[in-house]
Amino acid sequence: MNVYRLPKAVEFGGLEYSFASDYRDILEIIEYLNDASRPLYMRWQIAVGLFYDERIPDCHAEEAMQYMAEFISYGESEGKPGPKLMDWNQDAHFIIGDVNKIAGMEVRETKYLHWWTFLSYFYGIGEGQFSTIVSIRSKKSSGKKLEKWEEDFYRKNKDKVDFRKPKTQEDAAIQDYFTKWL
């Protein structure tokens with residue numbers, strides 16, 4: 001994958017398939033991929049359906065999923081997974097604020113912003129509340145002692161630092177049950 005170009009289509013079996021490349025579309029796809037209330041195969045089916053503008057033939061399904069995963073990860077191969085340090089949904093307010101600062105504009109106002117451009121802005125985030133939250137999460141997950149000011153920040157912002165519990169299939173079923181009756 002050539003990261004010096006901004007791809008919007010890919011070729012499988014001699015046919016070109018365009019795909020969703022706007023950052024908002026990719027964040028929606030990531031949300032579906034992370035939705036623990038659905039079985040994994042269903043999450044991938046939904047994600048592929050949202051990513052590609054047209055149906056991918058079954059003979060190219062695995063290749064299509066692989067390309068989508070590589071595109072979302074900015075062409076980087078997956079290494080050894082580390083602890084979870086961020087969540088696109090939970091941290092959205094902090095991410096958007098810092099991305100806007102790097103981009104010099106309100107990115108939500110743009111009609112289109114390629115996912116890789118958004119990631120470039122994201123990778124440029126420096127010191128700020130988001131980096132503080134990620135740093136505290138990193139220290140807590142590796143058992144390192146927090147500095148005094150970090151302990152104070154954590155105590156005051158525990159709801160921002162701690163990850164929310166993911167919704168399970170059972171939670172979703174219970175919520176659906178109560179939704180029907182309300």
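Position 1 is the first residue of the sequence, and the numbers go up from there.
No more than 12 heavy atoms of other residues, nucleotides or ligands sit less than 6.0 Å from atom NZ of K148.
At a threshold of 4.5 Å between side-chain heavy atoms, the hydrophobic network of Ile, Leu, Val, Met, Phe, Trp and Tyr places Y123 and F130 in one connected group. L40 and F51 fall within the same hydrophobic cluster, where Ile, Leu, Val, Met, Phe, Trp and Tyr residues are linked whenever their side-chain heavy atoms come under 4.5 Å apart, directly or through other members. Hydrophobic clustering (side-chain heavy atoms under 4.5 Å, transitive across Ile, Leu, Val, Met, Phe, Trp, Tyr) keeps F163 apart from L27.
A salt bridge links R137 with D91: the closest approach of a Lys/Arg side-chain nitrogen to an acidic carboxylate oxygen falls below 4.0 angstrom. Salt bridge status for K156 with D152: present, with a side-chain N to carboxylate O gap under 4.0 Å.
Screening T132, I133, I136 for a side chain to side chain contact (heavy atoms under 4.5 Å, CB included) with K160, the sole residue that qualifies is I133.
E54 places none of its side-chain heavy atoms less than 4.5 Å from the side chain of F19. For the pair N100 and Y121, the minimum side-chain heavy-atom distance is 4.5 Å or more. Annotation: side chain of I96 is in contact with side chain of E106 (closest heavy-atom distance under 4.5 Å). Looking only at side-chain heavy atoms (C-beta outward), K139 and E150 come within less than 4.5 Å of each other. Side-chain contact between S18 and Y52: absent, with no pair of heavy atoms (C-beta onward) separated by less than 4.5 Å. Put simply, the side chain of W44 reaches to within 4.5 Å of the side chain of M68, judged on heavy atoms. Within the 4.5 Å cutoff, side-chain heavy atoms of W116 are placed close to those of P7. Using a 4.5 Å heavy-atom threshold, the side chains of Q66 and E70 count as touching.
When atom types are taken as modelled, the side chain of S142 and the backbone of S138 share a donor-acceptor pair closer than 3.5 angstrom. Using modelled atom types, one side-chain atom of Q90 and one backbone atom of R164 make a donor-acceptor pair closer than 3.5 Å.
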Exercise for the section: For D162 and Y154, run side chain to side chain donor-acceptor pair (under 3.5 Å): C-alpha distance rounded to whole Å, both residues' side-chain angles, the deciding distance at 0.1 Å, then the answer. Expected result: CA-CA 9 Å; D162 291 343; Y154 178 67; 2.9 Å; yes
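A perpendicular orientation is assigned to the rings of Y67 and F12, their planes being inclined by more than 60° (bins at 30° and 60°).
Taking the centre of each ring, H114 and F71 come in below the 6.0 Å mark. Close placement of the F122 and W88 rings is indicated, their centers lying within 6.0 Å of each other. Ring centroids of Y23 and W115 are separated by 6.0 Å or more, keeping the two rings apart.
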